[in-house]
Amino acid sequence: MPSRMTIKRIGILTGGGDAPGINAVIRAAVKVAIRDYGLSVIGFEDGFGGLVEGRCRELTLQNVVGILPRGGTILGTTNRDNPFHYPVTQNGQTVFMDVSEKALQNLSQQKVDALIVIGGDGSLKIAYEFYNRYQFPVVGVPKTIDNDLSATDQTFGFDTAVATATDAIDKLHTTAESHHRIMVLEVMGRYAGWIALYAGVAGGADVILIPEIEFSISKVCDKLRERYEQGKKFSIVVVAEGAKPKGGELVVRRVVKESFEQIRLGGIGDFVAQKIEQALNIETRVTILGHLQRGGSPTAFDRILSTRLGGAAVNIVMDGRFGEMVCLRTPHIASVPLIEAVGQMRRVPLGCDLVRVARQMGISFGD
Ligand code: F6P
């Protein structure tokens, strides 16, 4: 493994779905690497795809000017292109092959001494595989709006997604009130209910449905009916894309075979709205917030978290602590072995204070 003395050049790539704050991570890493350690930095384009195909470019201080408030990633990303299971066209057909050695060759050709991977569980698993199989020096930075990585208190991008969803709930409130309607808002989050719970509470939703608590439509309707009987002629229901009815199935929008995570959830909002309208005969509308949650300028919180993580990733490289992921252990930035970081999903604990207080305040979780 290289040491502080031998590291001259680091690589950076961003993999998986984008999240507000990635550019802030890149900026911090580039600045710390160049200004403080005198390193050079190379960015691989479009995640592991760029690494396999040798698509890369030098990242200078000039390249990161003005990117702190910008959403997305200047390097591009993809949630496909796993080098250990890479789509290759042979005789007009797509087959999957292990092309990881090609990626390794490109790293050596570009004289990369260590690689920083900014990604969610899919990309970090691949990063771990490079470290484990080839002992290539990698350091991970956790990224996802879903906030579902167990080894960090919070992922960057989550706070911005919650702010976007909260803003949507505020807007839905005014139109719901004017029209005396029920508004159902479907938010992202995969198999965890963090975005729904946080935005739901921050936006004053009446019902919050999360994957961690199976719901019953009759309980949801009981809550909505109670509000009508109290003279409240509108209601807001926030439903996480991974929520499901008791004994029911997840609603899948599409299957993406080449992706790290093949299933894309979506559509539970329509199901819930239709059932409510049938049961209560009150006009109900659905909004699916979708990828708006992944876009836009990061909040101040996310900019700071991203900056701390990006800088720390370079510090960890220079300390020779490879195969680790930087993480938030409030109030500190720490690191954990990548293998631990990718092992377990972080879901909403049912006994957490926010769920408890929400229930005490009368918010229904449909159970
Ligand atoms: O993991 C982030 C996320 O936005 C999830 O909340 C969502 O289920 C998924 O990615 C959507 O993926 P895609 O961008 O491939 O549609």
Side-chain angles (χ1 to χ4, degrees), residues 14-22 25 46-49 71-73 75-82 85 87 117-127 140-152 154-166 168 185-200 208-212 238-244 249-271 286-296 298-299 302 305-306 325 341-342 344-348:
T14 56
D18 65 351
I22 297 184
V25 176
D46 302 330
F48 286 99
T73 157
L75 288 174
T77 189
T78 174
N79 45 20
R80 301 165 188 223
D81 296 350
N82 176 354
H85 187 70
V117 175
I118 305 167
D121 57 352
S123 312
L124 294 176
K125 273 181 195 146
I126 298 170
V141 180
K143 162 237 55 122
T144 167
I145 62 162
D146 304 332
N147 200 31
D148 61 354
L149 292 178
S150 63
T152 183
Q154 194 162 321
T155 52
F156 71 82
F158 170 66
D159 188 63
T160 308
V162 168
T164 300
T166 303
L185 176 70
E186 181 183 306
V187 297
M188 284 183 165
R190 293 203 303 177
Y191 307 103
W194 293 107
I195 298 178
L197 175 65
Y198 272 54
I208 302 174
L209 305 178
I210 59 175
E212 292 83 352
V238 175
V239 53
E241 61 182 3
K244 58 178 185 178
E249 297 295 323
L250 285 170
V251 182
V252 174
R253 189 175 295 286
R254 64 170 61 91
V255 175
V256 190
K257 280 212 178 116
E258 325 77 70
S259 185
F260 308 158
E261 169 84 36
Q262 300 195 334
I263 285 172
R264 292 294 180 280
L265 300 171
I268 186 71
D270 287 304
F271 170 86
V286 192
T287 302
I288 298 173
L289 203 48
H291 291 80
L292 287 175
Q293 292 157 99
R294 293 235 301 260
T299 58
D302 276 338
L305 180 57
S306 300
M325 181 191 86
V342 297
Q344 227 186 345
M345 189 186 298
R346 198 169 77 99
R347 305 181 85 202
V348 175

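Read the numbers this way: they start at 1 and go in the same order the structure lists the ligands and their atoms.
- When only non-hydrogen protein atoms are considered, atom 3 (C) of ligand 1 lies nearest to Arg294 NH1, 3.5 Å.
- Those atoms of ligand 1 with a heavy atom of Gly189 less than 4.0 angstrom away are 6 (O).
- What sits closest to atom 1 (O) of ligand 1 on the protein, heavy atoms only, is Asp146 OD2, 2.6 Å.
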TODO: Please test Glu249 against Lys244 for side-chain contact (heavy atoms from CB on, under 4.5 Å), starting from the C-alpha separation and ending with a verdict.
DONE: CA-CA 6 Å; Glu249 297 295 323; Lys244 58 178 185 178; 5.9 Å; no

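- The protein heavy atom nearest to atom 16 (O) of ligand 1 is His291 NE2, 3.0 Å.
- Residues Leu149 and Asp121 are in side-chain contact: their nearest non-hydrogen atoms beyond the backbone lie under 4.5 Å apart.
- Other residues, nucleotides and ligands contribute only 12 or fewer heavy atoms inside 6.0 Å of the CD atom of Gln344.
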TODO: For Val25 and Lys143, run side-chain contact (heavy atoms from CB on, under 4.5 Å): C-alpha distance rounded to whole Å, both residues' side-chain angles, the deciding distance at 0.1 Å, then the answer.
DONE: CA-CA 10 Å; Val25 176; Lys143 162 237 55 122; over 6 Å; no

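- The closest protein non-hydrogen atom to atom 15 (O) of ligand 1 is Arg264 NE, 2.6 Å.
- Under 4.0 Å from ligand 1, the heavy atoms of Glu241 that appear belong solely to its side chain.
- Pro142 pairs in a side-chain contact (heavy atoms from CB on, under 4.5 Å) with only one of the listed residues (Asn147, Val342, Thr152), which is Thr152.
- Proximity of Asn79 to ligand 1, defined as any heavy-atom pair under 4.0 Å, is confined to the side chain (atoms from C-beta onward).
- To the nearest 0.5 angstrom, Ile118 atom CD1 is 14.0 Å from Thr144 atom OG1.
- Applying the 4.0 Å criterion to heavy atoms of Arg190 picks out, from ligand 1, the atoms 5 (C), 6 (O), 8 (O).
- Residue-to-ligand polar distances keep Met188 apart from ligand 1: every N/O pair is separated by 3.5 Å or more.
- The two residues Pro20 and Ile145 have their closest heavy-atom pair at CD-CG2, 3.9 Å.
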